[in-house]
Amino acid sequence: MKEDVEKTGVSEIKVCKKGNLNLFNLDKVAQEVPIAMIYNGISHVVMMASPKDLTLFALGFSLSEGIIQSAEEIRDININNYGSKGIELNIELSPRQFMALKTQRRNLTGRTGCGICGTEQLSQLFRPINPLPFTQSFSLNYLDQALSQLNTIQKIGQLTGCTHAAAWITPTGELAGGCEDIGRHVAFDKLIGMKSREKWQNGAVLISSRASYEMVQKAATCGVEILFAISAVTSLAVEMAQKYQLTLVGFCRPGKATIFSYPERLT
């Protein structure tokens, strides 16, 4: 097996296919590795993810989970790669944020893109989030343009057909940037990290997956007012979007979109 973890997140393996089981060729598959988030020396969570853009993942996960309020509250991020055993992201928080984290700490081993497995109490699922303001708007005339660009950020996906994407789109439908991962939640976390790093303010998020409650919660936690999903939405996602005053749009395909909450931001 050939690996180039930091550059591509893709491995090459020998495969045979129907029609000639004796003929072996190299094929590309997306890497899936355990990523441990460790805050100030204490393990917090293990997620299965692609081993790319890990600094963005650490930053975005910390923001979307409400562990920090701004990037400045992270003092340092160190990456320890243990090969097949996994990768550790060692995140050093400010003392104040680390004390706050200890009051809500959870330990879990997540399946790919898992959202809540290991959460200790039902009350932990629903964080108190202030309703979003109405500062953003988006013309649906530009949605098709954004959709047509989404695959450009899926370098692993183009090689393997195995990733989700999350992108930041400007009010005029241009793709400012985006991230991919084998897990849809992780792709979104990486995008949130990128949004924080690039200081994007005006625009919306487009995801290649369905919109579950957690995608809505992550968006609202980080001040994202408009969330477009290529696939379906869940009932709890709609309920939380209504609660947080988030504009939620599903089934986004060329010429189509279904608006589930707060169409006031759309034209």
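- No more than 12 heavy atoms of other residues, nucleotides or ligands lie within 6.0 Å of CG in Asn130, so this atom counts as exposed by the packing criterion.
- Within the 3.5 Å criterion, the main-chain N or O of Thr163 finds a donor-acceptor partner in the side chain of Gln154.
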Please lay out, stage by stage, how Arg184 and Ser212 fare under the test side-chain hydrogen bond (donor to acceptor under 3.5 Å, both in side chains). CA-CA 10 Å; Arg184 57 195 175 91; Ser212 62; 3.1 Å; yes
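- Using a 4.5 Å heavy-atom cutoff, the side chains of Ile230 and Ile207 are not in contact.
- Classification of the Phe251-Phe260 ring pair by plane angle, with boundaries at 30° and 60°, yields tilted.
- Side-chain N/O atoms of Tyr213 and Ser235 include no donor and acceptor closer than 3.5 Å.
- Side-chain atoms of Glu180 come within 3.5 Å of backbone atoms of Gly157 as a donor-acceptor pair (strictly under, hydrogens ignored).
- When the ring-ring contact (aromatic ring centres under 6.0 Å, His included) test is applied to Tyr262, the partners found at least two apart in sequence or on another chain are Phe134.
- Between Val15 and Asp27, the closest heavy-atom pair is CG2-CB, 3.6 Å.
- Cluster membership check: Phe57 shares its hydrophobic cluster with Tyr39, using side-chain heavy-atom separations under 4.5 Å among Ile, Leu, Val, Met, Phe, Trp and Tyr.
- How far CG of Leu89 is from CD1 of Ile38: 8.0 Å, rounded to the nearest 0.5 Å.
- Here the side chain of Gln31 pairs no donor or acceptor atom with the backbone of Pro51 at under 3.5 angstrom.
- Once rounded to the nearest 0.5 Å, the distance linking OG of Ser196 with CG of Leu59 reads 4.5 Å.
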What do the steps show when you test Leu23 against Asn25 for side chain to side chain contact (heavy atoms under 4.5 Å, CB included), and what is the final call? CA-CA 7 Å; Leu23 178 63; Asn25 293 300; 3.9 Å; yes
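- Checking side-chain atoms of Gln136 against main-chain N and O of Gly203 turns up a donor-acceptor pair under 3.5 Å.
- Side-chain heavy atoms closer than 4.5 Å link hydrophobic residues (I, L, V, M, F, W, Y) into clusters, and following such links, even through other members, never connects Val224 to Leu147.
- Here the closest heavy-atom approach between residue Lys28 and residue Val10 is recorded as CB-CG1, 3.7 Å.
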Take Thr247 and Glu225 through the side-chain hydrogen bond (donor to acceptor under 3.5 Å, both in side chains) test and state the conclusion after the steps. CA-CA 6 Å; Thr247 298; Glu225 296 182 30; over 6 Å; no
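- The SG atom of Cys179 sits 14.5 Å away from the NE2 atom of His164 when rounded to the nearest 0.5 Å.
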What do the steps show when you test Val238 against Leu248 for side chain to side chain contact (heavy atoms under 4.5 Å, CB included), and what is the final call? CA-CA 7 Å; Val238 175; Leu248 179 61; 4.2 Å; yes
Asp76 and Asn78: CA distance, side-chain angles, deciding distance, side-chain hydrogen bond (donor to acceptor under 3.5 Å, both in side chains) verdict: CA-CA 7 Å; Asp76 197 14; Asn78 289 304; 3.2 Å; yes
In sequence, state the C-alpha distance, the side-chain angles, and the governing distance for Ile87 and Tyr82, and then conclude on side chain to side chain contact (heavy atoms under 4.5 Å, CB included). CA-CA 6 Å; Ile87 299 172; Tyr82 297 103; over 6 Å; no
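- Both tests hold for Lys195 against Trp168: distance to the six-membered ring centre under 6.0 Å, angle to the ring axis within 45°.
- Shortest non-hydrogen contact noted between Leu93 and Arg75 is O-CD, 4.3 Å.
- When all heavy atoms of Ser261 and Gln242 are compared, the closest pair comes out as CB-CG, 4.1 Å.
- Annotation for Ala187 and Asp181: closest pair N-CB, 3.6 Å, computed over non-hydrogen atoms.
- To the nearest 0.5 Å, atoms OG (Ser64) and CG (Asp189) are separated by 3.5 Å.
- Note: Cys252 SG to Ile259 CD1 = 9.0 Å, rounded to the nearest 0.5 Å.
- Remark: Leu227 CG to Leu206 CG distance equals 8.5 Å, nearest 0.5 Å.
- Not a single donor-acceptor pair under 3.5 Å links the side chain of Glu73 to the backbone N or O of Ile67.
- Residues Ile74 and Ile79 are members of one and the same hydrophobic cluster, defined by side-chain heavy-atom contacts under 4.5 angstrom among Ile, Leu, Val, Met, Phe, Trp and Tyr.
- Using a 4.0 Å cut-off between charged nitrogen and carboxylate oxygen, Lys218 and Glu65 count as a salt-bridge pair.
- When the side chains of ILVMFWY residues are joined at heavy-atom separations under 4.5 Å, either directly or via intervening members, Ile226 and Val233 end up in two distinct hydrophobic clusters.
- Residues Ser209 and Met215 meet the side-chain proximity criterion, which asks for heavy atoms closer than 4.5 Å.
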Side chain to side chain contact (heavy atoms under 4.5 Å, CB included) between Ile156 and Cys162, intermediate numbers included: CA-CA 7 Å; Ile156 297 175; Cys162 192; 5.7 Å; no
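- Between the side chains of Asn151 and Gln158, not a single donor N or O lies within less than 3.5 Å of an accepting N or O.
- Between the side chain of Ser139 and the backbone N or O of Asn141 there is at least one donor-acceptor pair closer than 3.5 Å.
- Checked by atom type and distance alone, the side chain of Gln245 pairs as donor or acceptor with a backbone atom of Leu132 at under 3.5 Å.
- Taking both residues in full, the closest heavy atoms of Gly177 and Met194 are given as C-SD, 4.0 Å, listed atom of the first, atom of the second, then distance.
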Go through it in stages, so that I can follow the logic: the residues are His185 and Glu214, the test is side-chain hydrogen bond (donor to acceptor under 3.5 Å, both in side chains), and I'd like the CA-CA distance, side-chain angles, deciding distance and then a yes or no. CA-CA 8 Å; His185 298 121; Glu214 192 178 24; 3.2 Å; yes
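- At a threshold of 4.5 Å between non-hydrogen side-chain atoms, the residues Lys243 and Ile129 do not count as touching.
- Put simply, Ile77 and Ile192 are part of the same group of oily side chains (I, L, V, M, F, W, Y) that touch within less than 4.5 Å, one to the next.
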